[in-house]
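Some notes on the structure that comes next.
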Amino acid sequence: MKKTMLMIAAGAMMFTAACTSTDTSTDTASTAETATATDAAMGTTGTADATAGTTGTTSSAGTTGTMGTDADVTTVTDLDDPAFMMNAASANMLEIELGRMAVQNAANADVKKYGQMMVDHHSKANQEAMALAKQLNIQLPTTLMPMHQAMVDKLKGKTGKDFDEDFMDIMETSHKMTIAMFEAKSNNAQNAQVKALATKMLPQLRSHLEMATKLEDTVD
């Protein structure tokens, strides 16, 4: 289950990176080929822009978050700063939404506590990200990106032990992806403030993953 979810999430991040290139030298033919390849991988046409939102500095970043099938998690190192901020905002919204679901639907008391921690920590993190995005004139998404929405959908209608198991699996998967993204940006951000934000959040994200791993072993 974990490997499958990680591959799905990793695939999504690959197309995130592919769609957020800021290379203005790309000609019309290359752009068309890229769009065609993306549509083929998604199995749909024209859905990414409306779901992912747009950025005030990189117009092509609106396709961030498209779902793919084959990718390496290391692809997240290719995100530019606006795309990173957009993905980080969606990741925060994901943890908040799933945390609220855990508080309501989990059977295990520790899972409920973990869920509340997700709400508290990621609400604060999202506020910081929004403040920085405003300074940098980056418009963040107000709804979940497809890869994150898929994780929420997986838990809909589940309660008790079934919820606990899938919730903790998702917490592991989502935090591994987010940590990889933040580690990359803490090293290669174009903007010093973006780099500082990524570096600041890493210890907390690693702590979340460590706790999720321990809890996942408990509820399985």
Side-chain angles (χ1 to χ4, degrees), residues 1-17 41-43 51 65-77 79 87-126 143-186 198 201-220:
M1 181 188 299
K2 298 178 195 173
K3 290 182 179 178
T4 299
M5 289 192 60
L6 185 56
M7 288 178 65
I8 293 174
M13 297 302 295
M14 180 193 75
F15 284 99
T16 293
M42 290 175 63
T51 306
T66 52
M67 295 293 288
T69 55
D70 299 309
D72 189 319
V73 70
T74 57
T75 307
V76 297
T77 61
L79 296 178
N87 276 272
S90 184
N92 280 326
M93 289 190 289
L94 170 70
E95 306 300 348
I96 294 168
E97 177 65 19
L98 293 183
R100 289 171 178 162
M101 292 174 70
V103 171
Q104 294 179 350
N105 300 321
N108 186 294
D110 289 332
V111 174
K112 285 181 179 286
K113 290 179 181 178
Y114 186 92
Q116 186 60 54
M117 182 178 69
M118 292 298 97
V119 175
D120 296 340
H121 287 184
H122 286 279
S123 292
K124 182 178 179 180
N126 204 39
T143 58
L144 294 174
M145 293 178 177
M147 62 178 175
H148 293 144
Q149 185 61 54
M151 296 181 187
V152 172
D153 292 343
K154 180 177 175 61
L155 290 178
K156 285 183 177 178
K158 294 191 176 184
T159 59
K161 182 174 174 55
D162 287 343
F163 177 91
D164 292 353
E165 291 178 354
D166 285 348
F167 172 74
M168 295 316 307
D169 282 346
I170 290 173
M171 286 297 100
E172 281 194 291
T173 299
S174 65
H175 279 91
K176 285 176 181 177
M177 292 298 301
T178 302
I179 287 170
M181 180 173 65
F182 273 67
E183 285 178 339
K185 193 51 59 175
S186 70
M201 295 301 176
L202 273 171
Q204 185 177 84
L205 291 170
R206 289 168 178 152
S207 176
H208 290 172
L209 176 58
E210 182 179 356
M211 294 176 67
T213 301
K214 292 179 180 178
L215 269 175
E216 196 273 337
D217 291 338
T218 300
V219 300
D220 269 355

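What's counted below: heavy atoms across the whole structure, side chains too, no hydrogens, waters or symmetry copies. Just so it is clear, the structure is predicted and the values come from calculations on it, not from any experiment.
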Original post:
Shortest non-hydrogen contact from Val111 to Val219?
Top reply: CG2-CG1, 3.7 Å
**OP:** Quick one: pull up NE2 in His121 and CE in Met201 and give me the separation to the nearest 0.5 Å.
**Re:** 11.0 Å
Original post:
So do the side chains of His175 and Glu95 get within less than 4.5 Å of each other, counting heavy atoms only?
Top reply: yes
Original post:
Just how far is it from atom OG of Ser123 to atom CE of Met118, taken to the nearest 0.5 Å?
Top reply: 10.5 Å
Original post:
What are the two closest non-hydrogen atoms of Val103 and Gly115, and how far apart are they?
Top reply: CG2-C, 4.1 Å
Subject >> Met117 side, atom CE; Asp110 side, atom CG - distance, nearest 0.5 Å >> reply: 11.0 Å
**OP:** Carefully, step by step, assess Met147 and Asn87 under the rule side-chain contact (heavy atoms from CB on, under 4.5 Å).
**Re:** CA-CA 10 Å; Met147 62 178 175; Asn87 276 272; 3.0 Å; yes
Subject >> Heavy-atom closest pair, residues His208 and Tyr114 >> reply: O-OH, 2.9 Å
Subject >> Shortest non-hydrogen contact from Asp220 toward Lys161 >> reply: C-NZ, 4.0 Å
**OP:** Check whether more than 12 heavy atoms from other residues, nucleotides or ligands sit under 6.0 Å from atom NZ of Lys113, and answer yes or no.
**Re:** no
Original post:
Can the ring centres of His122 and His148 be said to be less than 6.0 Å apart?
Top reply: no
Subject >> Nearest heavy atoms of Lys112 and Asn105, plus distance in Å >> reply: NZ-N, 4.4 Å
Subject >> Reported CG-to-CG distance for the pair Leu94 and Asn126, which is rounded to 0.5 angstrom >> reply: 11.5 Å
Subject >> Backbone of Leu144 reached by a side-chain donor or acceptor of Ser90 within 3.5 Å >> reply: no
Original post:
How long is the span from the CG atom in Asp166 to the NZ atom in Lys156, to the nearest 0.5 Å?
Top reply: 15.0 Å
**OP:** Hey, could you give me the CG/CE distance between Leu202 and Met181, rounded to the nearest 0.5 Å?
**Re:** 10.0 Å
Subject >> Candidate list Lys176, Met171, Gln204, test side chain to side chain contact (heavy atoms under 4.5 Å, CB included), partner Leu209, passing option >> reply: Lys176
Subject >> Chi angles and distances behind the salt bridge (charged side-chain N to carboxylate O under 4.0 Å, His left out) call for Arg206, Glu183 >> reply: CA-CA 10 Å; Arg206 289 168 178 152; Glu183 285 178 339; 3.0 Å; yes
Subject >> Atom of Leu205, atom of Ile179 and distance for their closest heavy-atom approach >> reply: O-CD1, 3.6 Å
Subject >> Backbone N/O of Ile170 and side chain of Ser174: donor-acceptor pair under 3.5 Å >> reply: yes
Subject >> Donor-acceptor contact below 3.5 Å, side chain Lys124 vs main chain Val119 >> reply: no
Subject >> Lys154 vs Asp169 side-chain heavy atoms within contact, under 4.5 Å >> reply: no
